[in-house]
Amino acid sequence: MGLFDGNREYLNIAHECVSRHADGSGRTAVRIAHADGTDKALSFDEIAAGSSRFAHWLVEKGIQPGIASPSCWSRRCLFI
């Protein structure tokens with residue numbers, strides 16, 4: 001796998017940073033440390049699945065690929 005394997009004309013950051021690493025292995029992508037001392041590990045597979053669900057939700061709302069869509073998020077981690 002090279003450093004960059006997507007479409008060089010239209011960079012897809014979700015693919016380059018997550019999807020191409022979501023191989024079913026459950027490899028940890030990020031670990032979130034909470035103030036109460038607990039932590040949560042998210043795998044590339046979990047992030048890719050959440051990203052896919054969000055992308056499909058956007059399409060259902062009429063937002064097509066390539067359309068910029070600003071979002072406002074709370075400070076907690078959510079997967080739709």
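- Hydrophobic clustering (ILVMFWY, side-chain heavy atoms < 4.5 Å, transitive): I63 and W57 are in one cluster.
- Taking all atoms of both residues into account, the shortest heavy-atom contact from A22 to F44 is CB-O, 3.8 Å.
- Taking each heavy atom of H34 and D39 in turn, the nearest pair found is CD2-CA, 4.1 Å.
- With hydrogens and angles disregarded, a donor-acceptor distance shorter than 3.5 Å links the side chain of D45 to the backbone of G26.
- Interatomic distance, S43 OG to D23 CG, rounded to the nearest 0.5 Å: 9.5 Å.
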- Task: Check the pair R31, K40 against side chain to side chain contact (heavy atoms under 4.5 Å, CB included), reporting the backbone distance first and the verdict last.
- Result: CA-CA 6 Å; R31 183 171 299 278; K40 166 85 173 149; over 6 Å; no
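- The shortest side-chain heavy-atom distance between T28 and L42 does not fall under the 4.5 Å cut-off.
- Taken from CG in L58 to CZ in R53, the straight-line distance is 13.0 Å, to the nearest 0.5 Å.
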